[in-house]
Engineer: 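There's a structure below that I have some questions on.
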There are 2 protein chains.
Amino acid sequence: MIVNSNVAKVASLVSEPSRAAILTVLLDGRYHTVNELAHMARIKPQTASFHLKKMLDAQVVTAEKQGRHRYYGIMNQEVAQVMESFLSIAPPAEIKSLHHASEDKAIRLARTCYDHLAGNLGVQLTESLKRKGFITEENDTFSVTEDGKAFFHSMQIDLTSLKKKRRSFSHKCLDWSERRHHLAGALGNAILEKLLERNWIQRIPKSRAIKITPRGMKGLKETFAIDMDR
Amino acid sequence: MIVNSNVAKVASLVSEPSRAAILTVLLDGRYHTVNELAHMARIKPQTASFHLKKMLDAQVVTAEKQGRHRYYGIMNQEVAQVMESFLSIAPPAEIKSLHHASEDKAIRLARTCYDHLAGNLGVQLTESLKRKGFITEENDTFSVTEDGKAFFHSMQIDLTSLKKKRRSFSHKCLDWSERRHHLAGALGNAILEKLLERNWIQRIPKSRAIKITPRGMKGLKETFAIDMDR
DNA sequence: TAAATATTTCAATTATCATCGAAATATGGA
DNA sequence: TCCATATTTCGATGATAATTGAAATATTTA
């Protein structure tokens, strides 16, 4: 269970449509400029700035200045998870166009959730790791088994350095589209980065959706026994 | 970019103080009337009705009409979970429990509801049947499992003949004193008759109240693991 | 230095929403 | 039937907060 004093704040901030739209965009884990966010939320930059200041004060987002731009990003994992949990009980968004339909399909298939993999791919990957006995399920977290240690070593993922980070090493994150848990935390992040590095997956610009490359299809099948081809 | 505007709606339902107070009460899993909820949230019944309608439309709560009362309850486990995690951080104003000056204890303990058992006994019996896996909960009805068939046979209740009756075989009935569902319909009636026949319970003249006999206390404990003695 | 762009601040307007009195509707009981 | 109670609907009010034009500030580029 998430214990976070920001939950209440986040909930009240999320309840405003423009802010919810902004936060949804920021769920991709990347930083965006005020103009970008304003355009995506269909409001004027002044309005976006007004909302972003509010969320900055509430420590729901962070800002980084770079030249005349100001890049806004989501504050942390907890905020992302509160957003996702709201997504899990909210009725699905109305799909208005063919373009939206295909985007919806893509985002359900594979996407980033803050800084780790989510969607069908994220859940399947987590299931595979469990099935192969590399991770075991605890209450709110996953633990790496002895077999798992060897496996991640072979994947060139250094668990020791991950554990040194201040953030959670590995915890469960509820997937709104799959309604199941996927792997989050430093380990989830490391896996995402590794798959990007190997060019098994690619980020789709201006979206949280992830594309699986032909090489990725092959790799996922061989390493994880996941067939995303169907 | 798809922005799920429903997230904002769901979040706004939770983040409004009066609604949060109402939802907190409903987290007990029971059903409550509009007046009760209004009193507990310290708002007028019109206002409570206004909020409840909103939450009903958003499928955050359910409603069931019984006479001139309308009982509201929380929609499902998912909503409860989001509420729990939200409220565990920011508990709203404390709820003063209603003090009912004169309560008929007997009628709350056990009574008939039309032609089946209600009150604490009725609810406990239903819960026991569920717990033991003899019945399962459907939308508005209960179904008898394979184990249940054997059990009712051992109780000398003939399900086949019950199903032939034109009336509903088994449906849920909201218990006003327990605010939970109990078993009604032909099956509920058959159980009542069987317990009367075995002299586990007796009707109290000129009342809907039911008296549990010493033999009944023993039988309920042995057969259903229900202790009505406390 | 001047022009263009990004963002914020300010002030005024507008929109939204909770609240509650009054009245309507529905039901139970005498 | 009439009366009491439960709930909803309607309409008005007031408080709060979102929105945006105008202007200020900051930074890059020419």
Side-chain angles (χ1 to χ4, degrees), chain A residues 9 11-23 25-26 31-58 60-73, chain B residues 3 5-23 25-26 31-58 60-73 92-93 98 100-102 104 107 111 113-114 174 176-177 179 206-208:
Chain A
K9 266 185 263 172
S12 73
L13 290 172
V14 168
S15 68
E16 204 284 319
S18 297
R19 281 194 296 262
I22 289 173
L23 284 172
V25 176
L26 294 179
Y31 285 78
H32 296 265
T33 66
V34 178
N35 265 338
E36 252 174 43
L37 293 169
H39 184 254
M40 284 170 166
R42 295 163 208 280
I43 47 178
K44 294 278 171 287
Q46 307 98 288
T47 313
S49 177
F50 163 79
H51 287 305
L52 286 164
K53 185 183 186 323
K54 251 191 176 168
M55 295 196 279
L56 193 66
D57 291 344
V60 164
V61 300
T62 46
E64 230 168 275
K65 201 168 181 185
Q66 214 162 96
R68 57 182 160 182
H69 297 280
R70 205 161 176 205
Y71 287 92
Y72 281 93
Chain B
V3 173
S5 61
N6 292 317
V7 176
K9 275 183 215 159
V10 173
S12 76
L13 292 175
V14 173
S15 66
E16 202 282 322
S18 297
R19 282 192 293 262
I22 290 174
L23 284 170
V25 176
L26 293 181
Y31 288 78
H32 295 265
T33 66
V34 178
N35 264 339
E36 258 178 32
L37 294 169
H39 185 257
M40 287 170 167
R42 294 160 205 277
I43 48 177
K44 293 279 172 285
Q46 308 97 289
T47 312
S49 177
F50 163 78
H51 287 305
L52 286 164
K53 186 183 186 320
K54 265 196 167 164
M55 295 197 277
L56 193 65
D57 291 343
V60 166
V61 300
T62 47
E64 231 170 276
K65 201 170 181 183
Q66 210 163 94
R68 55 182 161 180
H69 296 282
R70 201 158 177 207
Y71 288 93
Y72 281 93
L98 281 177
H100 301 285
S102 61
D104 190 346
I107 218 160
R111 67 175 176 278
C113 174
Y114 306 109
L174 188 60
W176 63 262
S177 60
R179 306 299 168 86
K206 291 181 188 176
S207 165
R208 293 166 58 194

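In this text, all values refer to a predicted model and were calculated from it rather than measured experimentally. Order of the sequence lines sets the chain letters (A, B, ...), proteins ahead of strands, with each chain counted from 1. Values reported hereafter were calculated over all heavy atoms of this structure, with side chains retained and with hydrogens, waters and symmetry mates removed.
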Engineer: Within this structure, what is the NE2-to-P distance between B:His39 and D:dA6, rounded to whole angstrom?
Structural biologist: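 Distance, rounded to whole Å: 13 Å.
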Engineer: For A:Tyr72, answer base if it contacts any base atom (sugar-phosphate contacts may also be present), sugar-phosphate if it contacts only those atoms, and nothing otherwise; contact means non-hydrogen atoms under 4.0 Å.
Structural biologist: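 Sugar-phosphate contact only - A:Tyr72 comes under 4.0 Å of backbone atoms but never of a base.
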Engineer: About how many Å separate CG of A:Asn35 and CE of A:Met40, when rounded to the nearest 0.5 Å?
Structural biologist: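 It comes to 11.5 Å.
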Engineer: Can you check whether B:Met55 reaches B:Leu52 side chain to side chain, under 4.5 Å on heavy atoms?
Structural biologist: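 Result yes, sub-4.5 Å side-chain heavy-atom pair found.
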Engineer: What are the 5'-most and 3'-most nucleotides of DNA chain C lying under 4.0 Å from any heavy atom of chain B?
Structural biologist: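 So the outermost contacting nucleotides come out as C:dA18 to C:dG28.
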Engineer: Closer than 3.5 angstrom, by distance alone: can the side chain of A:Arg19 be matched with the main-chain N or O of B:Ala8 as a donor-acceptor pair?
Structural biologist: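 Checking the backbone N and O of B:Ala8 against the side chain of A:Arg19, no donor-acceptor pair under 3.5 Å is found.
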Engineer: Grab the N/O contacts between the protein and nucleotides 18-22 of chain D below 3.5 Å, and write none if there aren't any.
Structural biologist:
{"unit_1": "D:dA18", "atom_1": "OP1", "unit_2": "A:Arg19", "atom_2": "NH1", "d": "3.0"}
{"unit_1": "D:dA18", "atom_1": "OP1", "unit_2": "A:Arg19", "atom_2": "NH2", "d": "3.0"}
{"unit_1": "D:dA18", "atom_1": "OP2", "unit_2": "A:Lys54", "atom_2": "NZ", "d": "2.8"}
{"unit_1": "D:dT19", "atom_1": "OP1", "unit_2": "A:Ser18", "atom_2": "OG", "d": "2.9"}
{"unit_1": "D:dT19", "atom_1": "OP2", "unit_2": "A:Ser18", "atom_2": "OG", "d": "3.3"}
{"unit_1": "D:dT19", "atom_1": "OP2", "unit_2": "A:His51", "atom_2": "NE2", "d": "2.6"}
{"unit_1": "D:dT20", "atom_1": "OP2", "unit_2": "A:Lys44", "atom_2": "N", "d": "3.4"}
{"unit_1": "D:dT20", "atom_1": "OP2", "unit_2": "A:Thr47", "atom_2": "OG1", "d": "3.2"}
{"unit_1": "D:dG21", "atom_1": "N7", "unit_2": "A:Gln46", "atom_2": "NE2", "d": "2.5"}

Engineer: Are side-chain heavy atoms of A:Leu56 and A:Arg70 found at a separation under 4.5 Å?
Structural biologist: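 Yes. Closest side-chain heavy atoms under 4.5 Å.
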Engineer: Decide yes or no for A:Tyr72 and A:Thr62: does some side-chain heavy atom of the first lie under 4.5 Å from some side-chain heavy atom of the second?
Structural biologist: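 A side-chain contact under 4.5 Å is absent here.
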Engineer: Can you confirm whether A:Val25 sits close enough to A:Glu36 that some side-chain heavy atom of one is under 4.5 Å from a side-chain heavy atom of the other?
Structural biologist: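 In short, these two side chains do not touch, never coming nearer than 4.5 Å.
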Engineer: Is there side-chain contact between B:Leu23 and B:Val61, with heavy atoms separated by less than 4.5 Å?
Structural biologist: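 The answer is yes; the side chains approach within 4.5 Å.
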Engineer: Measure the shortest side-chain to side-chain distance between B:Leu26 and B:Leu37 over non-hydrogen atoms and say whether it is less than 4.5 angstrom.
Structural biologist: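 Yes, their side chains come closer than 4.5 Å.
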Engineer: Do any side-chain nitrogens or oxygens of B:Arg70 fall under 4.0 Å of OP1 or OP2 in D:dT8?
Structural biologist: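 Yes, because at least one side-chain N or O of B:Arg70 sits under 4.0 Å from OP1 or OP2 of D:dT8.
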